[in-house]
Novice: 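This structure is in structure tokens; I'll ask about it shortly.
A, B, ... follow the sequence lines: proteins, then strands. Residue 1 opens every chain.
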Amino acid sequence: MEPCSHASQSNTWGMAFNMPRRSQGRTRYVLQKITGGICVMVDFSNAEDRKCFRHTASHIMAQAVKRLWPETKLAIGPAIDDGFYYDFDRDEAFSEADLKKIEEEMKKIVKEDLPLEYYELPREEARKFMEEKGEIYKVQLIDDLPDEATISFYKQGDFTDLCKGPHVESTGEIKAFKLTSIAGAYWRGDSKNKMLQRIYGTAFPDKAQLKEYLDKLEEAKKRDHNKIGRELEYFTTVDYIGQGLPIILPKGAKTIQVMQRWIEDLEASRGCELTMTPYFAKRDLYKISGHWDHYRDGMFVMGDKADQDDETKECFALRPMTCPFQYQVFLNRQRSYRDLPMRLTETSKLFRNEDSGEMHGLIRVRQFTISEGHYILRPDQLESEFKECLDLAKYVLDTVGLLEDCTFRFSQWDPANPKNKYEGTKEQWEKAQDTMGKILDDLGVKYDIGIDEAAFYGPKLDIQYKNVFGKEDTLVTIQIDMLLAEKYGMEYVDADGTKKTPYIIHRTSLGCYERTLAYLIEKYAGWLPVWMAAEQARILPISDSHIDYAYEVKDKLTKMGFRVEVDDRSEKIGKKIREATKEKVQYLLVVGDQEVADKTVAVRARFEGDMGSLPVDDFAAKLKEIVDNKVRHEV
RNA sequence: GCCAAUGUGGCUCAGGGGUAGAGCAAUUCACUCGUAAUGAAUAGGUCGUGGGUUCGAUUCCCACCAUUGGCUCCA
């Protein structure tokens, strides 16, 4: 996602000359190659080509803004996954009405069918050009380009932008576009810099594709867990309890409980030992780990601010993670190499003082629950245990159905991090990262590299997931830590009688339950797989005279371990079905005279359809099979 | 924390300087019904909170709180 304003070194845009100006087929377009008038055909179904297309759309937007408000300063305007944006510096805030104006002006520019002209300038001339135009951000961008860089520009009519390209050949190509939102964004992504105004938009070669995209977006939003999770009574929030502190309602709590029991059993079956450690501790504990120095702003520290730094006063903080607590288990007595690996797990509540603008439904909260593990290891166990952790995570994610949409990120340190984020030496970091890289490559894990995404104590494999708005967060993380054991004085006696410092893997098996529940609600549009659904079946008596039998059936199924309710209101069967369906109960058991007489239930299922009348035991057997196999359906 | 939008009964929304209205939901009554809404009646809101302007504010202004989309952050 390079900003438009970089000069470039190479390209992958092919070598064809003098291709026709308008190509055949609606998804094929002629692009202008960055090094001059060389053109090549590209395909909108190709991600790189789409970016080229939308990059031109962002230039058109910038041109429109400059026409409407010439005093506006331009920052950067790249194409992104589903569209583009441009950052502007303008005293007055853009309004929704302004977006309409900009769109109108953009339409004009498209109609003008302005060709994009490529040219290069020597550094000094480029600088002077932008300086004269008052484009202070562009001047900064030019100054930051490496010496050997080619400084290139694209001109379309009355508008010229510093840009490495490539672009489509003419503004006339951008047939369909829409500006979608306005947001604040810091210049160069640094919160110390001025906040600019970012306008997001998207563009397509024709109106039909644009409409299809916008419709799809609307459809996705209908799955928003923050909406249906509240409607379906999984959770709610209360103003006077506070941001990021959701109330998990009975349905949400049941699903989380089912998942938690499953995970804890799974962990136990894989050789983990459960611990129960305190939810808060004196600041001393966090000082050893480094959390007090690195993440104090992110912690809930108790007591007066003045006392927090007063060593003569006792000061407690809620835990933002479990690691230093679980290390005390290892430290409880002297350990031998024979004690390792020691696999400690705990389903913890964690508390993190997120910035106020960060909270989002159940995905980003201030108190959450996580099944954490800390594996304390000898060096020779690192690889196999890492594999074990990854295997566990993949098994878990696959079982709940989220794995197929996950991406893997190898999160590394950035030695140049200006905020002094990382602890440890260059050697330690390189060793940890080399080790993790080797393990990942051995396992054939396909990953992206995230520079400056590591924990302060080590590199991470982050398993990422996107919500319905396309926003990505970490679902599961597996981290190699070669620093903290030493800080806490953790040692084991090796076979040769010498003391050694162990390695530690920090890992989660199912990320945090609140976040996972959110993703599951979105993935299944509320129709959670039956094994984890709060209400697995609802019994619907046709009339009041069938209520006794309904409860008989409920009693039987409940005793078998199923979660079943009875709708005993004096309503018509149609209404009961409608409401149960809206509440996304998968199995509806209608009981009337026939069923009472036959000791059956008439089963109407969300996915299997009408299953006819079944003896209660037969239905129970089917349901058991579905639950045991953790069957899931695409929605 | 920063930029912006939003905040009217449980939900979806209308209204608007003279103390509020609809549909759904809820409650009550009648109906006892065979696969996506039976009917009638009743009740429910100091219009997010606190200040200010005004004879008078839910409506205008300010601050705060919460929600939403971004940015930054995310052990």
Novice: Who does B/C11 pair with, Watson-Crick or G-U, both distances under 3.5 Å?
Specialist: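 With both distances under 3.5 Å, B/C11 matches B/G23.
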
Novice: Going by modelled atom types, is there a donor-acceptor pair between the base of B/G70 and the side chain of A/Q197 at under 3.5 Å?
Specialist: no

Novice: Which base, if any, makes a Watson-Crick or G-U wobble pair with B/A30, both distances under 3.5 Å?
Specialist: B/U38

Novice: Write down the partner of B/C2 under the Watson-Crick or G-U wobble criteria, each distance required to be under 3.5 Å.
Specialist: B/G70

Novice: Report the distance from atom NE2 of A/H546 to atom C1' of B/G34, rounded to the nearest whole Å.
Specialist: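 After rounding, the reported distance stands at 9 Å.
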
Novice: Output the rounded distance in Å from CE (A/M195) to C1' (B/C2).
Specialist: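 Value for this atom pair: 4 Å.
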
Novice: Where does the angle between the aromatic ring planes of A/H633 and A/F607 fall among parallel (under 30°), tilted (30 to 60°) and perpendicular (over 60°)?
Specialist: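 Ring orientation of A/H633 relative to A/F607: parallel.
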
Novice: Roughly how far apart, to the nearest Å, are B/A57 and B/A20 at atom C1'?
Specialist: 13 Å

Novice: Figure out the CG/C1' separation between A/D544 and B/G34, and round it to whole Å.
Specialist: 15 Å

Novice: Determine: side-chain N/O of A/R604 to OP1/OP2 of B/A36, distance under 4.0 Å, yes or no.
Specialist: yes

Novice: Expressed as a whole number of Å, how far does the C1' atom of B/C13 sit from that of B/C71?
Specialist: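 So the two C1' atoms sit 32 Å from each other.
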
Novice: How about A/Y200 and A/Y85: are their ring centres within less than 6.0 Å of each other?
Specialist: yes

Novice: Indicate, with a heavy-atom threshold strictly under 4.0 Å, whether A/A602 touches base, sugar-phosphate, or nothing.
Specialist: base

Novice: Among A/K194, A/R198, A/K138, A/K73, whose salt bridge (Lys or Arg N to Asp or Glu O under 4.0 Å) with A/D89 holds?
Specialist: A/K194

Novice: Measure from the ring center of A/H291 to the ring center of A/F456 and say whether it is less than 6.0 Å.
Specialist: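 Yes: the rings meet the under 6.0 Å criterion.
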
Novice: So which nucleotide from B/C2, B/A75, B/A36 ends up closest to the side chain of A/R578?
Specialist: B/A36

Novice: Given B/C65, is OP1 or OP2 found less than 4.0 Å from the side-chain N or O atoms of A/Q243?
Specialist: no

Novice: Across all strands shown, which nucleotide pairs with B/G50 by Watson-Crick or G-U wobble geometry, both distances under 3.5 Å?
Specialist: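 Across all strands, the one nucleotide that pairs with B/G50 is B/C62.
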
